[in-house]
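The structure under discussion appears below in the form of structure tokens.
Just so you know, these numbers use all the heavy atoms, side chains as well, and skip hydrogens, waters and symmetry mates.
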Amino acid sequence: MGFVEKNAYDLHFIFIITIILGSSIAVSATISEANALLKWKSTFTNQTSSSKLSSWVINTNINTSFCTRWYGVSCDQLGSIIRLNLTDTSIEGTFQYFPFSSLPNLAYVDLSMNRFSGTIPPQFGNLTKLIYFDLSINQLTGEIPPELGKLRNLETLHLVKNQLNGSIPSEIGLLTSVREIALYDNILSGPIPSSIGNLSNLVNLYLFINSLSGPVPSEIGNLANLVELCLDRNSMTGHIPSSLGKLKNLTLLNLFENKLSGEIPPEIGDMTSLDSLTLHTNNLTGSIPPSLGNLKNLTVLHLYLNHLTGVIPPELGNIETMTDLELSQNKLTGSVPHSFGNFTKLQFLFLRENMLSGPIPSGVANSSELIVLQLDTNKFTGFLPDTICNGGKLENLTLDDNHLEGPIPKSVRDCKSLMRARFTGNRFTGDVSEAFGVYPHLDFIDLSHNKFHGRISGNWDKSRKLLYLIMSNNNITGPIPPEIWRMTQLGELDLSTNNLTGVLPEAIGNLTALTRLKLNGNQFSGRIPEGIRFLTKLEYLDLSSNRFSSNIPQTLNSLPNLHYMNLSRNKLEERIPMGLTKLIQLSNLDLSHNKLNGEIPPLSSLESLEKLDLSYNNLSGQILPSFKDMKALIYIDISNNNLEGPLPDIPAFGNATAKALKGNRGLCSNASKQRLKPCPVTSAAIKKSKKKDGNLVVWILVPILGALVVLSGTFTYYLKKRKPRRTEDKSDSEKGESLSIFSSGGKVKYQEIIKSTKDFDPRYLIGTGGHGKVYKAKLSLGTTVAVKKLHETTEITKQDFLNEVRALTEIRHRNVVKLFGYCSFRRHTFLIYEYMEKGSLRKVLSSDDEAKRLDWVKRINIVKGVAYALSYMHHDRSSPIVHRDISSGNILLGNDYEPKISDFGTAKLLKTDSSNWSAVAGTYGYVAPELAYAMRVTEKSDVYSFGVLMLEVIKGKHPGDLVSTLSSSPGTTLSLRSISDERLRMPEAEIRDELLKMVKVAVLCLQANPQFRPTMMTIAAEFS
């Protein structure tokens, strides 16, 4: 072999060896990457829960099999891992042991929708080849590491829906290749860094639902490629920068629910690609710039809940693409522009709660696509245009509280699509039977406070989904048509204050779904029908100011949910039936201005009764002493009867005015403020005649005998103290002390409580609080109770125990948990309450399934119930009670979701000199500022906690930092959409109005200065 040939052979050999060695090294490297992933997988706390990762096994026969066989793993041509996609794999773990150094070629990482916890390690910044990085929808905490700024190749950064805090690092401005950043739904704070203006390739920026503050950086105007910008639901302040007008490619701009102020810059009109502009729920002022009319592609414009003034610019009518225009709850004036007739694609038009005037232009409803038209609470005048509902798709028509007049146009009669309609508070006229038609989808209609006349049409029966039929305060005449009594789906029937006549038939009992029946202020006559007894869901009954005669039906006792009943100003006779004493939920009873006679029956079973009016009847006899048991009673009027005898010694009578007691022939009181005659002394023990000497002997002997008894008792106690004690367990149990069960009159032994809870075994534990643990106990009487066993007795817990006993025994209200009994032994100290099946409100809201069952109506009733109870505690007692720990954990719910306030361990009976405290009580997140820092407590401390509770009920969870934001920023407005529980559908208009009212009240309750908060009496009246 020649020299040349030999050299060529050697080179060829070396080349082959190099290839073999290179392949061997590459295989070794890829195996190393796979082993690194397996090592990380071994740290997952639920390795067996994900079948998807069962493929992660190394096959020694095929060295690179993991590149094609492992779930979520992809490799490059050399077998190195470049892609890791484990989204929605149910992984529970951390990134503490993630193999950063072993995976240098990673370009795509998607670990979203798992349960990763802990922080984001800064080592992710070393994966410099990353193009796509997504850790969204996990449980990550801590700050965004600034080291991510080293990812110069990164195009997508998603860290959505975690619990990341701290500020957005300024290093994010170094991601020069990034096209999309999504950091929304975290708890990020601080300002948006101005360096974000360096991201010239950025297309989408999503930072909404955080706690970001400071101004919107003007540098964002430099992002020429930006298409979508969402900074909504933060706490940003300052003006909207005019530089945003340079974003010619922007299609979506969301800045709503911040604290932005100043005017809307006219440069916004230069953003010619804009499709959606939402600036609602801020503090924006000034007028709507006419330049917005240049946005020819705009479909959504939301400016509601600001402080905008001036007229609606007619230029808005140039935007023929508009589908959703919402300008409500501002201070806009003038008329609606005729140019609105150009909106042929409009689906939603909201102009409510402004100061708009003039007639409603006929073109306002030109769109054949119109679904919702809300024009209420303005100053509109004139007739309703004929074009209303011409398109045939209108579902929600709200016109109440204007000055509209004249007949209802025919298009409304023919509007079969209607689901909700409100005409109340106008001057509409015409025959009510001809004005409205048949609506197959209608569930709510309110025609009240108008000038309709004629008779009620029987066609309402054909609107099969109608739940609320309200026609009060009109001039409607004639009888109620029989078809109405076939509307078994009705939940509310209000025909009050008209001129209706006739008798009520027994068929009224068909309306078994009714919760509210208001027929007051008419000319109905005859008997009150017995059929009312079938309306078992009825909560509100008003038949007052009619001509009903005969007696009150005994069968009214079949209405277990009734809390308001007014039968006043009729011609009812005979006695008050005993059946009324079974209406234990009743809080307001008015039987005044009738011809009732006989004695007042024992009403002590009406534990929830707050107001009682029996005036202007023919009642006689004495007022029973059992009135003393009516702890909730705050108002009573018994004037103009024939009553006699002493007044019961309770606050309701003590606080009654002279007018409420006048016109009775023999009432007396030794403690009356109304200057009634004093009651005679009737005791037979004081006789002044023949037994004078005998009485003298008694007066001498009694003190002597008393002294002997005291001395004997003292001596006996001394001897017992000297004897050795038996064990505490035995002495306690052998005493056989009894505990009263107030509701049944029975007795229960101490040992039975111990037995029924197996000596407070943990299996019976249903709750734990700061003062003790609560157990479920089923007693031999058949009663299930909750037993709160206090922690080991100390001076503080002993006082807490006495506070709670004192508070609960003096409170009798339907929305306060009942105290059945109590015990204070050396071994155990506990309270016995009524058992609430659903547990605490906090528990219900924390469960997705339970929270969905807790619909908006139930939530509203919970808020109202708590408000009524607090109003009673603060204002309807001689010694007000401040609870000091109002929170969702201390609101208990029964099977019917009726709320009851519990846990009075920190309650304080307020005196004029007892506003200062030496220790803080209450639940974190609910405590008023003055209680947390200045140790000063008044009723307004409960008002603050109640405000937090209202927001929690609406939001479905504690409102968090929103509380301090509202407290420190008076005048802040909130939109319902921003705080509504996402687990429930957005409420319909009627419920939405109730919730909006509660949101406004909550904001007032959270004022930092207690003097600026409303009282619970004011709040309760507002909710009534």
Side-chain angles (χ1 to χ4, degrees), residues 408 412-413 416 418 421 423 430-448 450 452-553 555-556 558-559 562 565-567 570-572:
I408 302 296
V412 172
R413 181 182 177 88
K416 305 298 182 185
L418 267 183
F423 297 83
D431 191 326
V432 74
S433 64
E434 298 176 356
F436 299 94
V438 175
Y439 307 99
H441 307 291
L442 191 70
D443 67 6
F444 180 99
I445 189 164
D446 188 346
L447 310 178
S448 61
N450 281 289
F452 290 114
H453 59 82
R455 298 192 172 205
I456 299 172
S457 170
N459 282 335
W460 290 110
D461 174 40
K462 298 175 183 177
S463 298
R464 303 292 186 183
K465 295 184 179 180
L466 191 58
L467 302 178
Y468 301 86
L469 179 57
I470 303 171
M471 298 183 178
S472 64
N473 291 85
N474 282 286
N475 298 316
I476 302 172
T477 56
I480 299 176
E483 291 85 354
I484 297 295
W485 311 124
R486 296 202 296 259
M487 301 177 68
T488 55
Q489 80 282 3
L490 272 183
E492 178 172 349
L493 177 61
D494 185 353
L495 306 177
S496 60
T497 319
N498 281 287
N499 294 303
L500 297 170
T501 56
V503 298
L504 294 185
E506 294 297 328
I508 196 174
N510 296 335
L511 306 184
T512 54
L514 272 186
T515 60
R516 295 175 68 89
L517 176 60
K518 298 179 69 176
L519 302 177
N520 53 290
N522 284 288
Q523 300 176 38
F524 294 115
S525 57
R527 298 174 59 92
I528 296 175
E530 297 278 347
I532 285 184
R533 71 182 184 276
F534 297 115
L535 310 183
T536 55
K537 295 183 180 179
L538 204 62
E539 299 176 3
Y540 192 105
L541 174 63
D542 195 342
L543 303 179
S544 63
S545 299
N546 279 287
R547 299 174 182 176
F548 291 113
S549 57
S550 190
N551 61 326
I552 299 174
T555 52
L556 286 180
S558 302
L559 308 178
L562 201 65
M565 182 164 69
N566 191 343
L567 305 181
N570 281 287
K571 300 178 181 180
L572 298 171

*So, does Arg455 use its side chain to make a donor-acceptor pair with the main chain of Ser433 at under 3.5 Å?*
no
*Going from CG on Leu562 to OG1 on Thr536, what distance comes out if it is rounded to the nearest 0.5 angstrom?*
11.5 Å
*What's the spacing between Leu543 CG and Leu517 CG if we round to 0.5 Å?*
6.0 Å
*So how far is it from Glu506 CD to Ile532 CD1, rounded to the nearest 0.5 Å?*
8.5 Å
*Is there a side-chain contact between Tyr540 and Asp494 (heavy atoms, below 4.5 Å)?*
no
*List in chain and number order the residues that pass side-chain hydrogen bond (donor to acceptor under 3.5 Å, both in side chains) with Thr488, two or more places apart in sequence or in another chain; answer none if no residue qualifies.*
none
_Partners meeting side-chain contact (heavy atoms from CB on, under 4.5 Å) with Phe534 (sequence neighbours left out)_ = none
*What's the verdict on side-chain contact (heavy atoms from CB on, under 4.5 Å) for Ile456 and Asn498, showing C-alpha distance, side-chain angles and the deciding distance?*
CA-CA 11 Å; Ile456 299 172; Asn498 281 287; over 6 Å; no
*Beyond-backbone contact of Leu493 with Ile484, side-chain heavy atoms, under 4.5 angstrom*: yes
*Taking the side chain as C-beta and beyond, is there a heavy-atom pair between Val503 and Ser525 under 4.5 Å?*
yes
Which donor-acceptor pairs under 3.5 Å do the side chains of residues 469-478 make with protein atoms, sequence neighbours left out?
unit_1	atom_1	unit_2	atom_2	d
Asn474	OD1	Asn450	N	3.3
Asn474	OD1	Lys451	N	3.3
Asn474	OD1	Phe452	N	3.0
Asn474	ND2	Leu447	O	3.1
Asn474	ND2	Met471	O	3.1
Asn474	ND2	Ser472	O	3.0

*Report yes or no: do Arg547 and Asn522 form a side-chain donor-acceptor pair below 3.5 Å?*
no
*Mark yes when over 12 heavy atoms from residues, nucleotides or ligands other than Tyr468 sit less than 6.0 Å from its OH; otherwise mark no.*
no
*Does any non-hydrogen side-chain atom of Asn551 lie less than 4.5 Å from one of Arg527?*
yes
*Roughly how far apart are Ile480 CD1 and Leu504 CG, rounded to 0.5 Å?*
6.0 Å
_Lys537, NZ atom: more than 12 neighbouring heavy atoms under 6.0 Å_ = no
*Residue pair His441, Lys465: steps toward the side-chain contact (heavy atoms from CB on, under 4.5 Å) verdict*: CA-CA 6 Å; His441 307 291; Lys465 295 184 179 180; 4.1 Å; yes
*Check whether any side-chain heavy atom of Leu535 lies under 4.5 Å from a side-chain heavy atom of Leu541, and answer yes or no.*
no
*With sequence neighbours excluded, residues passing side-chain contact (heavy atoms from CB on, under 4.5 Å) with Lys462*: Val438, Asn459
_Residue pairs passing the ring pair (Phe, Tyr, Trp, His ring centres under 6.0 Å) test where at least one lies in residues 483-523, sequence neighbours excluded_ = none
*Relative to each other, are the rings of Phe524 and Phe548 parallel, tilted or perpendicular (30° and 60° limits)?*
parallel
_Any residue meeting side-chain contact (heavy atoms from CB on, under 4.5 Å) with Asp461, in chain and number order, not counting sequence neighbours_ = Arg464, Glu483, Arg486, Met487
